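What you are looking at is a predicted structure, and each value in this text was computed from that prediction instead of being measured. Reckoned from all heavy atoms, side chains included, excluding hydrogens, waters and symmetry mates.
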Amino acid sequence: MTALQRNVSAPIDPVKLDRLAEVAIKVGLQLRPGQDLLVTAPSVALPLVRRIAEHAYKAGAGIVTPFLSDEAITLSRYRHGHDASFDRAANWLYEGMAKAFTANTARLAIVGDNPMLLSGEDPVKVARASKANSIAYQPALEKIVNFDTNWNIIAYPSPSWAKQVFPDVPEDVAVAKLADAIFAASRVDQDGAVAAWEKHNAVLRERTEWLNGQRFHALKYSGPGTDLTIGLADGHEWEGGASTAKNGITCNANIPTEEVFTTPHCRRVSGHVVSSKPLSYQGTLIDNIQVKFEEGRIVEAKASRGEEVLKKVLDTDEGAARLGEVALVPHSSPISKSGLLFFNTLFDENAASHIALGQCYSKCFVNGDKLTPEQIAAQGGNKSLIHIDWMIGTAETDIDGVHADGRRVPVMRKGEWA
């Protein structure tokens with residue numbers, strides 16, 4: 001057993017963990033020789049960070065720079081921090097990240113924190129800290145959402161997260177079960193993971209090519225509690241699976257991923273829709289979301305749980321109550337079939353068709369890399385400090401593509417591709 005393997009928690013298969021690191025570098029990032037890599041991760045994920053570094057250097061990385069967060073340190077701020085602390089954020093750090101991305105540094109984020117970590121903290125302080133961080137993060141976020149560089153997100157099964165997903169079993173069993181779920185969803189549970197991703201990307205590419213060929217004007221959703229029309233941005237382009245960043249490198253931004261997605265027209269959404277799964281947002285579980293849209297904006301919002309937090313989110317800025325993404329996912333996706341609620345958007349968004357409040361992706365426009373922010377806005381793209389996905393698809397959801405002349409084409413029936 002190697003020193004690296006000894007540092008892995010016993011319930012986590014070291015071979016599959018190493019395979020995940022390899023897929024992140026070879027598929028998620030397609031890291032190029034000489035390219036630097038910036039990694040963000042919870043401290044508990046250090047065993048995976050070490051494997052990432054090893055595979056990155058084998059691929060010829062220039063320098064790998066990790067930034068680690070820690071749940072205990074995060075809680076210390078809420079328990080002992082001065083009140084003024086909650087309106088501050090590390091601007092210098094995000095400005096540095098933006099500078100790194102401009103210089104062609106690749107970005108890898110490992111998620112794994114306890115999704116309910118802040119559930120017992122003052123929600124006003126949580127909201128203040130979140131807003132301050134969102135504002136400070138803008139320089140780096142713009143480089144990411146505009147695909148200036150190749151980037152990727154993967155997950156690590158931390159004990160605190162595992163106990164949220166599997167609360168009724170001992171911690172080591174919960175970690176093992178979450179690890180198995182992550183590995184299966186990420187297609188690293190068997191040999192040939194890189195080839196499996198090539199095959200999966202080809203399937204997603206077929207979907208995006210069909211949708212782009214249709215040039216729909218809008219999507220019409222029908223289902224229990226849902227009667228919604230989402231206009232699509234002028235010159236929108238569907239994306240899914242592997243995508244080419246502005247630096248010319250093709251990457252899989254999310255591992256896992258089952259979605260194809262594009263940019264809605266932020267001023268042409270009308271009707272009402274209900275959530276099909278709970279949304280875990282900064283320690284609050286927001287459940288049974290019900291919203292009404294008029295001229296692209298949410299004018300009514302309710303939730304059976306977490307409604308106060310939902311309304312705070314919608315008040316973040318002008319664009320927070322409008323849509324920045326619409327994504328299609330079949331009800332039969334592997335993550336949906338698992339029957340698990342991961343409390344993490346990276347996974348839960350791939351269990352159902354979904355929409356996202358807030359910032360759009362400029363990548364989801366024809367020649368998006370050449371459009372100015374003003375042109376993107378004119379074509380219907382939304383701008384906001386937030387980007388929050390929540391699930392609306394079910395086994396009863398029908399979706400039609402609507403052409404500009406009113407013709408309808410079935411896109412999904414009973415939650416599956418038509």
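- Checking each of Val273, Thr229, Val411, Ile392 against Tyr221 for a side chain to side chain contact (heavy atoms under 4.5 Å, CB included) leaves exactly one that passes, namely Ile392.
- If you take OG1 on Thr149 and CD on Gln35, they are separated by 5.5 Å, rounding to the nearest 0.5 Å.
- In terms of heavy atoms, Leu31 sits closest to Asn150 at CA-ND2, 4.4 Å.
- The pair Lys16-Glu22 fails the salt-bridge criterion, with no side-chain N (NZ, NE, NH1 or NH2) lying under 4.0 Å from an Asp/Glu carboxylate O.
- Taking a cutoff of 4.0 Å between a charged side-chain nitrogen and a carboxylate oxygen, Lys292 and Glu294 qualify as a salt bridge.
- Between Tyr361 and His387, the distance separating the two ring centers is shorter than 6.0 angstrom.
- Within a 6.0 Å radius of CD in Gln214, more than 12 heavy atoms belonging to other residues, nucleotides or ligands are found.
- Closest of all the heavy-atom pairs between His55 and Ala21 is CD2-CB, 3.8 Å.
- Of all the heavy atoms in Gly358 and Asn382, the pair that sits closest is O-ND2, 2.8 Å.
- Between Tyr94 and Tyr137, the ring planes are perpendicular. Angles over 60° get that label, and only those under 30° would be called parallel.
- The minimum heavy-atom distance linking Val329 with Glu349 is given by the pair CG2-O, 3.7 Å.
- Of all heavy-atom pairs between Ala155 and Phe347, the closest is CB-CE1, 3.4 Å.
- Annotation for Lys125: atom NZ counts as buried by contact number, over 12 foreign heavy atoms lying within 6.0 Å.
- Looking at Lys58 and Glu54, a side-chain N of the basic residue comes within less than 4.0 Å of a carboxylate O on the acidic one, giving a salt bridge.
- Rounding to the nearest 0.5 Å places CD1 of Ile144 at 8.0 Å from CE of Met97.
- Ring pair His236/Trp238 is perpendicular by interplanar angle, where above 60° counts as perpendicular and below 30° as parallel.
- Annotation for Arg88 and Arg77: closest pair O-NH2, 3.2 Å, computed over non-hydrogen atoms.
- The number of heavy atoms from other shown groups lying within 6.0 Å of NZ (Lys220) is above 12.
- A salt bridge is absent between Asp13 and Arg19: the closest approach of a Lys/Arg side-chain nitrogen to an acidic carboxylate oxygen does not fall below 4.0 angstrom.
- Lys383 places a side-chain heavy atom less than 4.5 Å from the side chain of Gln359.
- The CD atom of Glu318 sits 4.5 Å away from the CZ atom of Arg297 when rounded to the nearest 0.5 Å.
- Salt-bridge check for Asp369 with Lys246: failed, with every basic side-chain N at 4.0 Å or more from each acidic carboxylate O.
- A donor-acceptor pair under 3.5 Å links the side-chain atoms of Asp70 to the main chain of Ala72, judged by distance alone.
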